[in-house]
Amino acid sequence: MLSVISFNVDHGYLEGLVRGMKAGILTRADYHNLAQCDTLEDMKLHLQCTDYGKTLSSSEDDLTVSLVDSKLRENLVAEFSCLRSNALPPLSTFLDYITYSYMIDNVVMLITGALKQRDVAELLPRCHPLGAFDQMAAVGIARTPTELYSAVLVDTPLAQFFQDAVSESNLDEMEAEILRNKLFKAYLESFHSFCKNIGGATKDIMCPILEFEADRRAFIITVNSFGTDLSNAERSALYPACGRLHPEGLCLLGAAQDAAQVKDVADRYPAYKIIFEEPEPGSGFKTLEDRFFEQEVKLNTLAFLQQFHFGVFYSYIKLKEQESRNIVWIAECVTQRQKSKIHNYITIFQGTEQ
Amino acid sequence: MDFAIHNSQSRTIVYAKMPPPLFTTRESEGSSTLLDEKLLRFMEQLELLEEKRASLNSLIEQGWFSMSKARYSMGNKHVSPLQYASEMEPLVLVHAKTLDSGELDFSTERFEQKCCKEVGADNRSIEEIGPQEKGVRRRIKPKEDITKKAVNEETSSENAPEVTPVTKSDQNLQQDPLKWFGILVPQSLKHAQLSFKQVLELSAEIATLQTAVLSTRQELKHSKKHKHEEASATQLDSVAD
């Protein structure tokens, strides 16, 4: 149990640092300016006035949306590395937990890339730097999840998530998807119990966020599995069990056959009922994922209202990711001249109350 | 003969400077009516072509935009050229056949699974345009006259969508391109695929319509020429009388 008094001894500097970085998160006014731009060059100019500074100007390549995304990611990785390199346990373990989700994504990207005969040298630069680990180049060689575990990942931090994920079936698209979700389920449950053990404000902030994440994954997996070859039983095995839907909601979701039944399940939980509600006529159409992102942003902004806990680090990373998504969305709308949908980004902080 | 289209929305068609027929013999009446009919047909075809082109453009824009939405949900690097192989097999073929009237008709056919029927006429081998990869590949006999690459795969905005027929290597599985991006893909990606599928069918229709428009224009020219010759022949006759 982390004492409020002694938190600053080990972690005070880093909390101060992350709060300073959080103050640079783009505000409503910044987004408004970006949305007025007509080209990516204009957007680059506007971003120079923010905390991003010269991030985009330093490259000589043609400015494309993909380049913008890569540069924003580099920026976030630099900030995270700064935090991680100065962190002491248990914050260091906490920050490592944050990186595991990116590792899982990278592993799956390398596997599917290998299926498409893509060269490893081509795939490695596109992997998320936060999820880098030593044995990445060897991931493409594995044929089955068991082989992947025993030959490649056994010495990596992902080894602990492999209990349910080992299987002898060949790694094709379906198996890769199942592997991704099983690893993520194990990861989320492990992270949740880690935060619970830390206790205190960290538990109070992080556990609701992780429970929401678990429930979100259960809903999204269910909705996206309609019309695919994934059976109900296989699908149920992918639901993380650390959320509020466990156990009754997950059972019902496992049996759902269409979107209406999923909505029924959501209606039993007030927090999720709002997400699945029909939008009022006149307001812009939002996808399900958009509404989940909005809710995630709300939960993450709450982390900054308390002090002396690790949640601020997690929330900062997630909010910066949302910011990247927002900027890339605006960039896509600008390049495709679809200005009508440009305001579909999610404003994180309103402006004056930071 | 000059003519002007007012605009396609208001649908008025204005003829200007059309010379009146000099003599109203039955023959010249007949050819005038024919000419009018051809002109009307030409106009209608043009209008239809405009509508289809507009719809094609908006479907393509919609498709790309849905892909951007998918990138928003899935992550930018998860809907990109990394997700597909550099060699792929087409799922949709374009048939071109010549009708009795001499016009070309294009239609699309979607494959459910690989089939190897030989179809007569023109056994052109599948051309590959663009840089070739090294390695020996078996060229399959062409199935139809023209083979187009499956345009219903998703390409990222970094790649200009090139239409390159491919040579195939034998064991490529024909697969729904949606699966390249994962099994559990968001709805927006599915919408994008739907838009691009519609674009494919529409392209074949537009190509057909375009050749029809060109041939109608030719017919119009011939009819006009024929009518002028007729009119001057009748004039000479009457002067001779």
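All chains are named by letter (A, B, ...) in the order of the sequence lines, taking the proteins before the strands, and each is independently numbered beginning at 1.
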Checklist entry - Would you find a donor on one side and an acceptor on the other, under 3.5 Å apart, between the side chain of E289(A) and the backbone of S73(B)? => result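 Judged by distance alone, no pair lies under 3.5 Å.
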
Checklist entry - For E175(A), is it the side chain, the backbone, both or neither that has a heavy atom under 4.5 Å from a heavy atom of chain B? => result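 Neither part.
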
Checklist entry - Do other residues, nucleotides or ligands put more than 12 heavy atoms under 6.0 Å from D258(A) CG? => result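 Yes.
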
Item to check | Contact summary for E332(A) and N76(B), nearest pair of heavy atoms | outcome: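 Closest pair (atom of E332(A), atom of N76(B), distance): OE2-OD1, 4.5 Å.
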
Item to check | Heavy-atom check, side chain of S70(A) versus side chain of K77(B), under 4.5 Å | outcome: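 A side-chain contact exists here, since the closest heavy-atom pair is under 4.5 Å.
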
Checklist entry - For the atom pair OG (S86(B)) and CD (E122(A)), what is the distance rounded to the nearest 0.5 Å? => result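 Interatomic distance, S86(B) OG to E122(A) CD, rounded to 0.5 Å: 8.0 Å.
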
Checklist entry - Can you tell if the side chain of Q187(B) reaches within under 4.5 Å of the side chain of V223(A), non-hydrogen atoms only? => result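 Of all side-chain heavy-atom pairs linking V223(A) with Q187(B), at least one is under 4.5 Å.
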
Checklist entry - Is H78(B) close to M109(A) at the side-chain level, that is, under 4.5 Å between some pair of heavy atoms? => result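 They are in contact (side-chain heavy atoms under 4.5 Å apart), so the answer is yes.
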
Item to check | K179(B)-T228(A) side chain donor-acceptor pair, cut-off 3.5 Å | outcome: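 Result is no, nothing qualifies.
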
Next on the checklist: So for I221(A), is it side chain, backbone, both, or neither that comes closer than 4.5 Å to the heavy atoms of chain B?
Outcome noted: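 Both backbone and side chain of I221(A) come within 4.5 Å of chain B.
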
Checklist entry - Nearest 0.5 Å, what's the OG1-CH2 distance between T112(A) and W180(B)? => result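 These two atoms lie 13.0 Å from each other.
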
Next on the checklist: Check the orientation of Y72(B) and F293(A). Use parallel for under 30°, tilted for 30 to 60°, and perpendicular for over 60°.
Outcome noted: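 Correct class here is perpendicular.
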
Next on the checklist: Looking at R118(A) and Y84(B), would you say the former's side chain and the latter's main chain have a donor-acceptor pair under 3.5 Å?
Outcome noted: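 Yes; at least one donor-acceptor contact below 3.5 Å.
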
Item to check | Contacting region of R337(A) [heavy-atom separation from chain B under 4.5 Å] | outcome: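 Answer is neither: R337(A) stays 4.5 Å or more from chain B.
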
Checklist entry - In terms of heavy-atom pairs under 4.5 Å with chain A, which of G182(B), A85(B), S188(B) leads? => result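 The option with the most such pairs is A85(B).
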
Item to check | Gap between atom CD1 of I183(B) and atom CG of L230(A) - 0.5 Å precision | outcome: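 The CD1 atom of I183(B) is 8.0 Å from CG of L230(A), to the nearest 0.5 Å.
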
Checklist entry - Does a salt bridge link K69(B) with D290(A), judged by any charged N lying under 4.0 Å from a carboxylate O? => result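 No.
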
Next on the checklist: Restricting to non-hydrogen atoms, name the atom on Q336(A) and the atom on E61(B) that form the minimum distance, rounded to 0.1 Å.
Outcome noted: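 Scanning both residues completely, I find the closest heavy atoms to be OE1-O, 4.4 Å.
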
Checklist entry - Among F292(A), W329(A), F226(A), which has the most heavy-atom pairs under 4.5 Å with chain B? => result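 Heavy-atom pairs under 4.5 Å are most numerous for W329(A).
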
Item to check | Portion of V108(A) that has a non-hydrogen atom of chain B nearer than 4.5 angstrom | outcome: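 For V108(A), there is no contact with chain B at all, as no heavy atom is under 4.5 Å.
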
